[in-house]
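Here's the structure, in structure tokens; my notes come after.
Order of listing sets the numbers, starting from 1, for every ligand and every atom in it.
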Amino acid sequence: MSEEHEVGPAETLTPGTVTGAGPYAVGNSGGELFAVTRRCRHLGADLAGGKIDEQGRLVCPWHQSAYDVRTGRMVRGPQGVFAKIPGLGAVFRGITRVLPLGRGTVVERDGCLYVR
Ligand code: FES
């Protein structure tokens, strides 16, 4: 059985919210709860400090790469100075096709959320 981590009261994880629980970034993307491993595949930023953008993607707090929370794949490469490096975004998108973020399962019990 996999280890379970407490996220907190279910009512606090409103749409657009991201938080951390153990090794996971847990959030609410358009009403859908998700959990992905919290280290960005680019330079390791904590994705629990990220944001949900208007397209429901999880955006890294350091260089704004964006992840599809359903697949764990990076769908937009690092921005800023990194976006000027030819092919860099494609490389990282390719890496996460092979090595996506891990995904956890969010469950609710007695009004409290857990991830495992
Ligand atoms: S560490 Fe996440 S985009 Fe750079």
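None of E3, E6, E4 except one satisfies the salt bridge (charged side-chain N to carboxylate O under 4.0 Å, His left out) rule with R116; the exception is E4.
With Y114 as the aromatic partner, R109 meets the cation-pi criteria of under 6.0 angstrom to the ring centre and within 45 degrees of the ring axis.
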Run the numbers on L47 and V18 for side-chain contact (heavy atoms from CB on, under 4.5 Å), then give the verdict.
CA-CA 8 Å; L47 294 170; V18 184; over 6 Å; no

side-chain contact (heavy atoms from CB on, under 4.5 Å), that's the test. Do V59 and R76 meet it? Break it down for me.
CA-CA 9 Å; V59 177; R76 180 183 67 199; 3.8 Å; yes

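Distance check: M74 CE to R97 CZ gives 13.5 Å after rounding to the nearest 0.5 Å.
Counting only protein N, O or S atoms, 2 lie closer than 2.8 Å to atom 2 (Fe) of ligand 1.
For the pair D46 and R38, the salt-bridge criterion is met [side-chain N within less than 4.0 Å of a carboxylate O].
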